[in-house]
Amino acid sequence: MSIGQALGAKPQLRMRGVFMRELDLVTLGAVAGLMVIGLLAIFTATVDPEAGTLLKASSALFNRQLVFLVFAAAVLVFTVFFDYRHFKVYATIMYVATLFLLLVVLTPIGTSGGGAQRWISLGVFKLQPSELAKPVLVAMLAAYISDKRGYLGMKEIITCTALTAPLAMAVFVQPDFGTMLVLLWILLTMLIVGGADWKIMVTAIIVGVIGIAGLFQTPIVHGYQQKRLQAFLDPAKDPYQEGYNYRTTRTAVGNGGLAGKGLFSRKDPVNLTAGDYIRGQPTDFVFTAVAEEMGFLGGLTLLILYGILFVRGMRAASMARDAFGTLLAMGIVSYLAFQVFVNIGMTVGLVPITGIPLPFISYGGSSLVVTMFCVGLLLSVRMRRFARALP
Amino acid sequence: MSPNISPTRIAVINLLILCLLATLVGRLWYLQVLSGTEAQKLAERTSVRFVYEQAPRGFIFDRDGRTLARNRTALTVALDVSQVPPDRKDQEIHDLAQVLQMKESEVRNIVNDKRLATNSPRPLALDVDKNVVIYLEEHTDQFPGVTDVEIPVREYPLHTVASHVVGHIGEIDAEQLKRCEDANGHPNDSGSVRLCRPGDLVGKLGVEKVYDNWLAGKTGIKQTVVNVKGDPVGQPNEDAPQRGWDAILTLDAGVQVAAENALQDGINFARGQIDPDTKKKFNAPAGAVVAMDPTNGDILALASNPNFDPNWLVGSAPKGALAALNSPKANMPFFNRAISEAVPPGSTFKPITASAAWDTDPTLPTRQFDCPPSIKIGNEILHDWEPNGQGTLDLAGSIAQSCDITFYRLGVELNNKKNQYGEHLQDVAKSFGFGRPTDVDLLGEATGQVPDAEWKWNYFSTSQTFDRRWFDGDAANLAIGQGFLEATPLQLATAYGAIANGGVLMRPHVVKCMAQLDVSVPTNVDQACKTGRVPPTAAEQALGRVSAKPEALQFIENAMSGTVRGSGTAADAFAGFPLDQIFVAGKTGTAQNPPREDSSWMGAIAKSGDKQIVVVAMVEEAGFGAQIAAPIVRRVLEQYFGVKSTGFHPGASLRG
């Protein structure tokens, strides 16, 4: 009998060709490693050094992250057993739902924090729809492009852009410039992989770059974004306000040296609830804690783990049975890699500061759950490479 | 591999992603391994952060210990800008402006003020309502960095009383800041080293300004060592602020209040009188009173009208009040007419003329003078103030009844004796302190002017030669205190002081001593001044001796006592005053100052027991000296000698 029959319980498994042996343990291992580093980073960034035992010392933030992690792991398991091809069918509904949630965020129902209105408060948990928008956009574009037989002309490119635009603008208005960039990156990647005409792409990229540069000159882009860009280009000019973040994080990272200063070497915790927005350590700048305390070796390990995740994901894309699977996997890997590059890049001074979380590491329930969901999809794609078509 | 997806394209994306990761690795290698040691040094590098605290300012008291200036605490809302996230700033400025009922631009200016320290809370609003503070405390997440603090605010409990002498404080300006910085490290006149920072409150006018170095005390400095993240390392080093010296003034608040009230009454009364020359009511826009002790130069009262409430300048002005003070209609309330306005003093100058004439003519006291209605001097007809003439008077009578004709004659005689005595009247005038500052310890003193031939020649440099010469007419005008002679009420008081004390010109001063007091208990002034210090600008000092014979001064003083009795010009105004117990010697004056109306003057010396005082009152464009200025002088004397007052007691309409 087939393995599917042996395992029996869920309808999906009954399909032939879904092999548990195709469950990529390497990916799971990398994810486990990333989770461990993530927990360590948050713990050390928020620990109260005065408390007696390690147990008491953990902060509220860390505890919540732990809970999120457990929940996200459950989501991962569920997604693995979920046939990703259903996602193609549900893509439109999910798109509309996500857009709706993004608009709700902008109404008075939405919750603000740090100068932006990005969340919907659900009692103990704050949902951030912009995190959801990323895989949803990937799925939406993948669904559309996968029927286009490997070539995207002008009409198709415009349609893809039109699909991206509502989400991007809804996110931009919050304001969440970082997520908007990720969505644009997703559009770009999907178009390239999907077979967009080279000439059109090159022209579009040039126009896009000029457009964004132009946006910065106008008042549409918030003052603080412009200041951030200026501070990035010359942090010495404003060392106490905008340039502050660049100076301190770069110094902190460099301070890590080869082997790091050692875990829990920071003298005092950063208290996010007291409004320490400027440091933002457990969220956007969490990599600083990794770099300073674990050094180059720690950072390298982190990047290697990400690398493994991405490489395995790209292999899954190559091995996928259908175009939708390839596109889905490529989109996911691409946007996660983009986030890693931008987040770590801004900590080390390669990229201007934008608010993008570091997957698995940054504090935040929405980011964690969505990222695990995406990993689940990657695993799901690989697992079903031999599956038969859906009825 | 799925159909339709080009492997090349996938490979492109794959390569891109791997490149991104490689770039990160490379950058980390650079920062951590290659530049690691530099970063380490940077992370451990410390810098010193200074937090300054302005010292509590010294109080100002009158000679009996009554408080003229003190500090109170005001509930203030302040903002620590370094605690505000940059992306929240605009929103918070908007919200704060609403809550504090200020203009958004006002809040923004304070928040963006680059001169203030970044890590000290900046006061936004003074005397905030308690409910506003509670609201802000309940919404701390909406207002990061906002605190409420009690800060010291200057208070002038007597409001407009002695406002020109006490002055007021305000924010330090660029010029004052520069002067303070230039003196960096060197002790100032109070003996301490001064630290001036932008935003400091310093004296702007009066004693607050002149004695600012004493009153300000020593700024406190707190030094904290911080690492590159801004976290403090080790214990801070504190140099506590030191409270400033307290000032004890020579002013007598009781006399000051009496002088100010009498001055106001006089102005009000004058505005109700008709000027016989113009047939219109008198303008009486302003006036001044000076009262001083001729034995030591202590100023007992110095009033100038219009005045102002200095409390308005330290933050608690009612809406529109400040704008009203600065409008032309307010008639320059900050201008101290007692020391800064130099105008012809009119007949009050006659005693000095008498003294000068005495030097050249020993028979002066017994001479008889004819006082017709007018006299011809050169080509001009000069009139007496009394249109019917005053008969024949001796010198004493000429002083008491202020016969102009007598003094015209004396002026001309002095002028004609130039070859023998030089410009004697001018020399004597200068020895009495006219034409030069009295060196009083207040700012803005006018020098005044004693005209002579050379002066006139230069002054009319663009006129015909004929008109530039010094004529008998000029001398005649000078003799009665008109023409180009200009004096301040303080100069006149100082001159009369010399008549009172036998010929010594005492330097007037408003400060008695500087002391370091415990202001929580009532002030014992005598004790305070024993243990305090007298700044050089306030020391009792003689400016010189006047050029006059002692017997002349004696005679003149006696003659002046005739002004307030019998047929003296001020007899009406002093009717009922206990002249048998208190010796009063004065001189009225009605100064012409065309095209303006005549100004009312009186200067008086009063002695009783061991108390002596000189009082000068001047009201611009108010008519006769005897009518307006004399009652003011009387009221001041009543206060000083403890005589029961009958209010403002105007004299009859007599000129002179």
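Only a predicted model underlies this, so the values are computations on that prediction, with no experimental measurement involved. Chain naming here is simple, since letters A, B, ... match the order of the sequence lines and numbering starts at 1 in each.
If you measure heavy-atom distances from B:Leu34 to chain A, you find no contacts under 4.5 Å at all. Contacts between A:Leu191 and chain B at a heavy-atom distance below 4.5 Å involve the backbone alone (N, CA, C, O). For a residue to count as touching a neighbouring chain, one of its non-hydrogen atoms must lie under 4.5 Å from one of that chain's; by this rule A:Phe296 touches chain B with backbone and side chain alike.
The backbone N or O of A:Ile344 lies less than 3.5 Å from no partner atom in the side chain of B:Arg27, so there is not a single donor-acceptor pair.
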Would you please test B:Ile10 and A:Met314 for side-chain contact (heavy atoms from CB on, under 4.5 Å) and show each step?
CA-CA 8 Å; B:Ile10 294 180; A:Met314 293 189 270; 5.7 Å; no
Start with the C-alpha distance between A:Leu303 and B:Leu28, add both sets of side-chain angles, then the distance that settles side-chain contact (heavy atoms from CB on, under 4.5 Å), and finish with yes or no.
CA-CA 10 Å; A:Leu303 287 171; B:Leu28 283 177; 3.8 Å; yes
Can you check side-chain contact (heavy atoms from CB on, under 4.5 Å) on A:Val333 and B:Asn14, steps first, answer last?
CA-CA 9 Å; A:Val333 167; B:Asn14 292 350; 6.0 Å; no
Is there a side-chain contact (heavy atoms from CB on, under 4.5 Å) between A:Phe341 and B:Leu24? Walk through the geometry before answering.
CA-CA 7 Å; A:Phe341 178 69; B:Leu24 289 177; 3.7 Å; yes
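Atoms OH and CD1, on A:Tyr335 and B:Ile17 in that order, are 13.0 Å from each other to the nearest 0.5 Å. Between B:Ile13 atom CD1 and A:Met190 atom CE the span is 10.0 Å, to the nearest 0.5 Å. Atom CD of B:Gln32 and atom CG of A:Leu300 lie 9.5 Å apart (nearest 0.5 Å).
Evaluation of the ring-ring contact (aromatic ring centres under 6.0 Å, His included) test over residues 80-110 of chain B, restricted to residues two or more places apart or in two chains, returns none.
B:Glu175 is linked by a side chain to side chain contact (heavy atoms under 4.5 Å, CB included) to B:Asp173, B:Arg179, counting only residues two or more places apart in sequence or in another chain.
Most heavy-atom pairs under 4.5 Å with chain B: of the set A:Gly299, A:Ala337, A:Gly195, this distinction falls to A:Gly195. Counting heavy-atom pairs closer than 4.5 Å to chain B, the top-ranked of the candidates A:Ile192, A:Ile304, A:Val311, A:Ile145 is A:Ile192.
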